[in-house]
There are 2 protein chains.
Amino acid sequence: MSPGHTAVTLQALPPEPPGPCGEDHCGIREVLDRIGDKWSVLVVVELAKGPRRFRQLQRAIPGISQRMLTLTTRRLGRDGMLERTVFPTNPPQVEYRLSPMGASLAGLVADIADWSRDHQEAIEASRRAWDEEPAADD
Amino acid sequence: MSPGHTAVTLQALPPEPPGPCGEDHCGIREVLDRIGDKWSVLVVVELAKGPRRFRQLQRAIPGISQRMLTLTTRRLGRDGMLERTVFPTNPPQVEYRLSPMGASLAGLVADIADWSRDHQEAIEASRRAWDEEPAADD
DNA sequence: CTGAATCCGGCCAGATACTG
DNA sequence: CAGTATCTGGCCGGATTCAG
């Protein structure tokens, strides 16, 4: 992608794809893309407990791969949710900690967690009822 | 996948896959799987304004396909977030409206939207800074 | 230890056509 | 109008390997 590259004859691929952003859900998409993925929430929750190093994070989050942890921390860093500090030791150590905005996000995640807990049983009950009687549209 | 199939000689693939559910983020995953996907939030936001019919929803949410709207409403219905009412008219009409729990979820989504609005600019600024100077690890 | 790079399989979403 | 069925491509996530 050369930056100085201006609209050739590429039959102008739709510049504005499907922008369902007309009223009150504009920034939601971006935030949900961040916290909605598989691992970001877990990283945020873990970092809310205090600064962690790369390996520490990986051990604290069972099942995450190095690749996914790298991508997740990078994206969170790009969005300003966490700060990365490199200690030029040997072996190298990198510390991750939530930025103020990241801490704020952690609070939001905590709210979601509370809501989840409060409704978890109701949701599971609803699913069971739905799965058992397919003809019952509630 | 035959159900009566017990551990052959497949060098025992880990029976407990990746259960990162040990402390406070148990039900979060399920809720995020619901509101984290591409369309559910938009459907909830739209239904928060009042009951809608299928076609109405689709028109209110640019870019969603029939298939995705069907799947989204079905999943939300299975989780008890909305109720479906069929009017045996001609042509048939189906009305969707948020259940009490769905309305509660809408409140949560509103909180997320508020947070998103409050931090949208900061996030974009962070991204711009990140994208322009790759060497700056903040 | 902390990453980057590559390959690859599965799942999800979009497009399309068909039914009641 | 309200859905279902099928095909298909893309993206994401996991495993592995290489580098600083």
Side-chain angles (χ1 to χ4, degrees), chain A residues 13-14 17-20 29 32-43 47 51-78 82-97 134-135 137, chain B residues 1 10-11 13-14 16-20 29 32-43 46-47 51-78 82-97 130 134-135 137:
Chain A
L13 74 164
R29 184 77 266 132
L32 284 176
D33 283 344
R34 193 59 47 242
I35 68 172
D37 70 73
K38 200 173 182 180
W39 302 111
S40 294
V41 168
L42 302 179
V43 171
L47 285 181
R52 296 288 134 102
R53 302 211 331 274
F54 189 87
R55 211 65 177 119
Q56 269 184 308
L57 275 176
Q58 189 173 11
R59 266 183 259 105
I61 305 174
I64 197 173
S65 60
Q66 301 92 334
R67 171 186 153 84
M68 277 304 105
L69 184 53
T70 299
L71 290 178
T72 302
T73 53
R74 184 187 302 173
R75 288 195 277 242
L76 287 172
R78 190 174 97 103
L82 55 82
E83 290 154 16
R84 204 178 89 113
T85 309
V86 179
F87 296 94
T89 60
N90 188 329
Q93 293 194 359
V94 180
E95 184 186 88
Y96 296 92
R97 53 186 254 277
D137 27 332
Chain B
M1 285 295 184
L10 284 172
Q11 55 184 349
L13 73 164
E16 294 303 306
R29 185 78 265 130
L32 283 176
D33 283 344
R34 193 60 45 242
I35 68 172
D37 70 72
K38 200 173 181 181
W39 302 111
S40 293
V41 168
L42 301 179
V43 171
E46 183 62 24
L47 285 181
R52 296 286 134 102
R53 304 212 326 273
F54 189 87
R55 212 59 177 120
Q56 268 185 306
L57 274 176
Q58 190 173 11
R59 266 183 260 105
I61 305 173
I64 196 172
S65 61
Q66 302 90 335
R67 172 186 153 84
M68 278 303 106
L69 184 53
T70 299
L71 290 178
T72 302
T73 53
R74 185 188 300 173
R75 288 195 278 241
L76 287 171
R78 189 174 97 104
L82 54 82
E83 290 154 15
R84 204 179 88 113
T85 310
V86 180
F87 295 94
T89 59
N90 189 330
Q93 294 193 359
V94 179
E95 185 186 87
Y96 296 92
R97 53 188 254 277
W130 175 287
D137 30 330

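Just so it is clear, the model here is predicted, and its values are computed rather than measured. Order of the sequence lines sets the chain letters (A, B, ...), proteins ahead of strands, with each chain counted from 1.
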**Message:** Just to be sure I understand the rule, does B/Phe87 reach a base, reach only the sugar-phosphate, or reach nothing, if contact means heavy atoms closer than 4.0 Å?
**Reply:**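 Result for B/Phe87 = nothing.
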**Asked** Mapping B/Arg74 and B/Arg59 onto DNA chain D by nearest heavy atom, which one lands closer to the 5' end?
**Response**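 Result of the comparison: B/Arg59.
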**Item:** Residue whose closest nucleotide on DNA chain D lies nearer the 5' end, B/Thr70 versus A/Pro92
**Value:**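 It is B/Thr70, whose closest nucleotide lies nearer the 5' terminus.
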Rounding to an integer number of Å, can you tell me how far [X] [atom1] sits from [N] [atom2]?
{"X": "B/Gln66", "N": "C/dT16", "atom1": "CD", "atom2": "P", "answer": "10 Å"}
{"X": "B/Asp37", "N": "D/dC12", "atom1": "CG", "atom2": "C1'", "answer": "15 Å"}
{"X": "B/Leu69", "N": "C/dA15", "atom1": "CG", "atom2": "P", "answer": "14 Å"}
{"X": "A/Phe54", "N": "D/dA19", "atom1": "CZ", "atom2": "P", "answer": "18 Å"}
{"X": "A/Ile64", "N": "D/dA15", "atom1": "CD1", "atom2": "C1'", "answer": "14 Å"}
{"X": "B/Gln58", "N": "D/dA2", "atom1": "CD", "atom2": "P", "answer": "9 Å"}
{"X": "A/Leu71", "N": "C/dT6", "atom1": "CG", "atom2": "P", "answer": "14 Å"}
{"X": "B/Glu95", "N": "D/dC1", "atom1": "CD", "atom2": "P", "answer": "16 Å"}

**Message:** Let's see if you can work this out: which of C/dA4, C/dG14, D/dA2 has an atom nearest to the side-chain heavy atoms of B/Trp39?
**Reply:**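 Output: C/dG14.
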**Message:** Please pick, from C/dA4, D/dG14, D/dC1, the nucleotide with the shortest atom-to-atom distance to any side-chain atom of A/Met68.
**Reply:**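 So the side chain of A/Met68 is nearest to D/dG14.
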**Prompt:** Closer to the 5' end of DNA chain C via nearest nucleotide, is it A/Arg55 or B/Arg75?
**Reply:**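 Of the two residues, A/Arg55 wins.
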**Prompt:** Taking the side chain as C-beta and beyond, is there a heavy-atom pair between B/Asp33 and B/Asp37 under 4.5 Å?
**Reply:**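 Counting from C-beta outward, B/Asp33 and B/Asp37 never come under 4.5 Å.
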State, to 0.1 Å, how close [X] and [Y] come at their nearest heavy-atom pair, and which atoms those are.
{"X": "A/Thr73", "Y": "A/Tyr96", "value": "CB-CE2, 3.8 Å"}
{"X": "B/Glu83", "Y": "B/Arg97", "value": "OE1-NH1, 2.6 Å"}
{"X": "A/Val41", "Y": "A/Ile35", "value": "CG2-O, 3.0 Å"}

Side-chain donor/acceptor pairs under 3.5 Å, residues 52-66 of chain A, sequence neighbours excluded:
| residue | atom | partner | partner atom | Å |
| --- | --- | --- | --- | --- |
| A/Arg52 | NH1 | A/Glu46 | OE2 | 2.5 |
| A/Arg55 | NH1 | A/Gln58 | OE1 | 2.7 |
| A/Gln56 | OE1 | A/Arg53 | N | 2.9 |
| A/Ser65 | OG | A/Met68 | N | 3.2 |

Is the distance from OP1 or OP2 of [N] to the nearest side-chain N or O of [X] less than 4.0 Å?
{"X": "B/Arg52", "N": "D/dA2", "value": "no"}
{"X": "A/Arg53", "N": "C/dT2", "value": "yes"}
{"X": "A/Arg67", "N": "C/dT6", "value": "no"}

